[in-house]
Amino acid sequence: MGLLQRLKHDLMAGLATLRHGTAQAAIRALEETEMLRIRLEIRKLDQQLADLYRDVGERGVHLREEGEPVERVLYDTEVGRLVKEIQDLKSARDKLESEIAEIRSGA
C-alpha cells in the first residue's frame, strides 16, 4: 500500500500545482486585460489633450490677430476654460498611469 499512497499523494500534489499554475495564469491574463483597457483610456485622453492644446493655440492666435493685447489673451475666459480642462485631463491621465504601476507591482 505504500506505493499506492505515495502515488496518490504525488497525483494530488500535481493537481494542486496545476490548479495553482492555472490560477496564476488567469490572474496574469486579467491584469494584462486591465492594463490594455487603461492604456486605451490613456490614448483617448492623449487625443483629447492634443485637441485641447490645438484649441488653446487657435484661440490665442485668433485673439492676437484681432489685435488683443497679450494680457487679454492670457486672461481670456475661453482660454482659461480650456486650460482647466487640460489640467483635469492630465490629472486623470496621471491617475491611470499610477493604476498601471500598481498592477505591475502586484499591489
Side-chain angles (χ1 to χ4, degrees):
M1 281 287 196
L3 179 63
L4 287 177
Q5 288 290 56
R6 195 170 76 200
L7 186 59
K8 181 180 176 184
H9 177 268
D10 290 347
L11 181 60
M12 296 303 275
L15 285 174
T17 302
L18 180 63
R19 283 189 198 123
H20 178 72
T22 303
Q24 291 297 97
I27 289 169
R28 184 68 183 145
L30 288 173
E31 289 173 348
E32 288 295 325
T33 301
E34 182 65 8
M35 285 178 35
L36 286 173
R37 182 192 65 76
I38 292 171
R39 284 187 188 123
L40 178 61
E41 285 184 44
I42 288 173
R43 284 193 184 118
K44 288 178 184 177
L45 289 176
D46 287 342
Q47 182 59 49
Q48 290 174 340
L49 282 167
D51 292 344
L52 287 171
Y53 285 131
R54 186 194 67 239
D55 292 347
V56 167
E58 287 177 357
R59 176 71 177 165
V61 169
H62 176 74
L63 289 172
R64 284 298 290 151
E65 286 175 346
E66 288 185 350
E68 294 290 339
V70 174
E71 294 79 24
R72 170 74 175 99
V73 173
L74 291 176
Y75 295 108
D76 180 67
T77 56
E78 180 67 12
V79 170
R81 183 188 66 76
L82 293 169
V83 169
K84 174 72 171 112
E85 280 187 54
I86 288 169
Q87 290 169 338
D88 292 345
L89 288 177
K90 281 183 161 183
S91 176
R93 189 183 192 291
D94 290 344
K95 184 178 177 185
L96 291 173
E97 289 285 348
S98 68
E99 286 182 34
I100 286 178
E102 285 179 26
I103 291 171
R104 284 186 177 147
S105 70

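As a basis for the values below, the full set of heavy atoms in this structure was taken, side chains included, without hydrogen atoms, waters or symmetry mates.
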Pairs of donor and acceptor atoms involving the side chains of residues 8-15, under 3.5 Å and at least two apart or interchain, shall be tabulated with distances.
none

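- In this structure, CD in Glu97 is found 9.0 Å from CZ in Arg39, a value given to the nearest 0.5 Å.
- By the 4.5 Å heavy-atom criterion applied to side chains, Arg104 and Met35 are counted as neighbours.
- No side-chain heavy atom of Ile100 sits under 4.5 Å from any side-chain heavy atom of Leu96.
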Asp55 and Arg59: CA distance, side-chain angles, deciding distance, salt bridge (Lys or Arg N to Asp or Glu O under 4.0 Å) verdict: CA-CA 6 Å; Asp55 292 347; Arg59 176 71 177 165; over 6 Å; no
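- Two residues are said to be in side-chain contact when any heavy atoms from C-beta on lie closer than 4.5 Å; Arg64 and Val70 meet this criterion.
- Between Gln47 and Arg43, every side-chain heavy-atom pair lies at or beyond the 4.5 Å cut-off.
- No single ILVMFWY cluster, assembled from side-chain heavy atoms under 4.5 Å apart, contains both Ile103 and Ile27.
- The shortest distance between side-chain heavy atoms of Thr22 and Arg19 does not fall below 4.5 Å.
- One hydrophobic cluster, built from ILVMFWY side chains closer than 4.5 Å, cannot hold both Ile86 and Val73; they sit in different ones.
- Using a cut-off of 4.0 Å between Lys/Arg side-chain N and Asp/Glu carboxylate O, Arg72 and Asp76 are scored as salt-bridged.
- Proximity of Glu71 to Leu74: side-chain heavy atoms (C-beta onward) are nowhere separated by under 4.5 Å.
- Put simply, Leu52 and Leu63 are part of two different groups of oily side chains (I, L, V, M, F, W, Y) that touch within less than 4.5 Å, one to the next.
- Classification of Lys90 and Asp94 as a salt-bridged pair fails, no side-chain N sitting under 4.0 Å from a carboxylate O.
- Note that CD of Gln48 and CG of Asp88 are 11.5 Å apart. Values are rounded to the nearest 0.5 Å.
- Considering only heavy atoms from C-beta on, Arg93 stays 4.5 Å or farther from Leu89 through its side chain.
- Residues Arg28 and Glu31 form a side-chain contact, since some pair of their non-hydrogen atoms from C-beta on lies under 4.5 Å apart.
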Step-by-step side-chain hydrogen bond (donor to acceptor under 3.5 Å, both in side chains) determination, His62 to Glu66: CA-CA 6 Å; His62 176 74; Glu66 288 185 350; 2.7 Å; yes
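- One hydrophobic cluster, built from ILVMFWY side chains closer than 4.5 Å, holds both Leu45 and Tyr53.
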